[in-house]
2 protein chains.
Amino acid sequence: MNKVSKRQTTTAETKSKLFDSALTLFSDKSYAATSIRDIIQLAGVTQPTLYYHFSDKADLFQKLVEHHYGQSQQQLIQLVQETEGLRERLLALLIRSFEFCAADPRIPKLMFQTYYGPSIPEVSDTIETLTTSRFQLVVDVMKQGIKAGELTDSNPEFLALSFCCLMDQPINLFSRKPDPSQYLTQELAAAIVELFLNGAASSD
Amino acid sequence: MNKVSKRQTTTAETKSKLFDSALTLFSDKSYAATSIRDIIQLAGVTQPTLYYHFSDKADLFQKLVEHHYGQSQQQLIQLVQETEGLRERLLALLIRSFEFCAADPRIPKLMFQTYYGPSIPEVSDTIETLTTSRFQLVVDVMKQGIKAGELTDSNPEFLALSFCCLMDQPINLFSRKPDPSQYLTQELAAAIVELFLNGAASSD
DNA sequence: AGATTCATATAACGATCGTTATATGAATGT
DNA sequence: ACATTCATATAACGATCGTTATATGAATCT
């Protein structure tokens, strides 16, 4: 005997289809360039159905963002807790982020569209919070690296910014290509960590 | 005796005001979220005036992009030619790029809005060409650095990508703040070059 | 079995979008 | 002085936007 009724099941599927269509379109065309009609057409429903599940376009967007960001954010925090050593942590962060992208490139694409695109007043607070939270995670990793003597005693915010650049830009670049996992390999992750820690200059 | 008539002068001013308004709005709200009416209102003209000078919205956008990108691109190429040594070249590229941003943050903002935003079919070729050209400039610098023994003999595309990340992201981040020149200092440029060349790890 | 609620659809609203047919007045050429 | 061209404005077009009043049929409850 199923706990959920037939109605609840199909309803959840409708909502899921709307989320999926919105993710596809928002990540490809941005929030502003995607219309409600684009979304409902791809989901195979009508406009009042969307407005039954979400109060308006901004609400759909916000719930979409919170859904996907919350998940990956929590996993990254846990990943750092489970890992020891600066190099290991940075590598783990990179590989896990690459895996996220390979699993569904639409999510980083949405993230970048949202972050670089025009601010959407209704959700800019949510975005700000999530962005800051992830950055702070990397800052904390750097602070611990400095304390452990694994890093030069410089500005941890600068180090975090630098590492985030080296992590995010390749994800952003390759998430736009047909098969991101082809580029976002463990080898690339290792090369980025190596560059971040030891630089590109010849050692002699 | 002026070469240009009174009519030509005011006409040029009108066109310039349209460019300026478009730059302000496109860089802030993106192409999709900016309406023709926003632009003409800020410029203080009417819609047919815009359509007299530009064939349509995409044409205005393309001419705006070509105008600003062409300028800065050419200057960067010249800068590399005038400079010798890898470290000096990288530092010069960074400082000049920071100066561009400080002079008018709307231009990098437009660049990032355009690059990360939804593709605009009418101008995506133009963007692609300009982006590739600048990346290739950095790749060439890296190749010469490898040949001169200043860099480890690794993938020049990887090195160029890494350096572009470290150059572009701070510009992008700080061009959104009230006073970019406050952050985009020569000290930051030097710190980025140092990190790129020698890494963040402690030297012992 | 009948009443009710829930999830979806039909069809339309007013607002705004990009665009343009037409008019007007100033600068220019003769 | 007058005709013409050039740069701008008035006003409107059809299309699309986000949103919603209303209807309908299926699932649930009594």
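Convention: sequence-line order gives letters A, B, ...; per-chain numbering from 1. These values consider heavy atoms only, across backbone and side chains, with no hydrogens, waters or symmetry-generated copies. Note that the structure is a prediction, hence the values are computed from the model and not measured.
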Partner of dA9(D) by Watson-Crick or G-U wobble geometry, both contacts under 3.5 Å, or none?
dT22(C)
Roughly how many Å is it from [atom1] in [X] to [atom2] in [N], rounded to a whole number?
X: Leu50(B); N: dT8(D); atom1: CG; atom2: P; value: 11 Å
X: Phe61(A); N: dG18(D); atom1: CZ; atom2: P; value: 14 Å
X: Asp38(B); N: dC17(C); atom1: CG; atom2: P; value: 6 Å
X: Ile40(B); N: dA7(D); atom1: CD1; atom2: P; value: 19 Å
X: Lys57(B); N: dA15(D); atom1: NZ; atom2: P; value: 19 Å
X: Gln41(A); N: dG18(D); atom1: CD; atom2: P; value: 13 Å
X: Lys17(A); N: dA7(C); atom1: NZ; atom2: C1'; value: 13 Å
X: Tyr31(B); N: dC17(C); atom1: OH; atom2: P; value: 14 Å

Name the residue closer to the 5' end of DNA chain C, choosing between Tyr52(A) and Arg37(B) according to the nucleotide with the nearest heavy atom.
Tyr52(A)
May I have the step-by-step check of ring-ring contact (aromatic ring centres under 6.0 Å, His included) for Phe54(A) and Phe19(A), ending in yes or no?
CA-CA 10 Å; Phe54(A) 306 97; Phe19(A) 264 134; 5.4 Å; yes
Parallel, tilted or perpendicular: which fits the ring planes of Tyr116(B) and Tyr116(A), with parallel below 30° and perpendicular above 60°?
parallel
Examine [N]: is either OP1 or OP2 under 4.0 Å from a nitrogen or oxygen in the side chain of [X]? Give yes or no.
X: Thr14(B); N: dA7(D); answer: no
X: Thr49(A); N: dT8(C); answer: no
X: Thr10(A); N: dA7(C); answer: no
X: Tyr51(A); N: dT19(D); answer: yes

Describe the nucleic acid contact of Ser35(B) in one word from base, sugar-phosphate, nothing, applying a heavy-atom distance below 4.0 Å.
sugar-phosphate
Give Thr34(A) one of three labels, base, sugar-phosphate or nothing, depending on what nucleic acid heavy atoms sit under 4.0 Å from its own.
sugar-phosphate
Can Glu66(A) and Lys63(A) be counted as an ion pair, charged N to O under 4.0 angstrom?
no
Where the side chain of His53(A) is concerned, which of dG18(D), dA9(D), dT8(C) is the nearest nucleotide?
dT8(C)
Quick one: which of dT19(D), dA9(D), dT8(C) gets closest to the side chain of Pro48(B)?
dA9(D)
Near-ring test Phe112(B)/Phe112(A), centroid separation under 6.0 angstrom
no
I'd like to know if Gln47(B) reaches the base of dT20(C) with its side chain, counting only an N/O donor and acceptor under 3.5 Å.
no
Counting only heavy atoms from other residues, nucleotides and ligands, does the tally under 6.0 Å from CD of Gln75(A) exceed 12?
yes
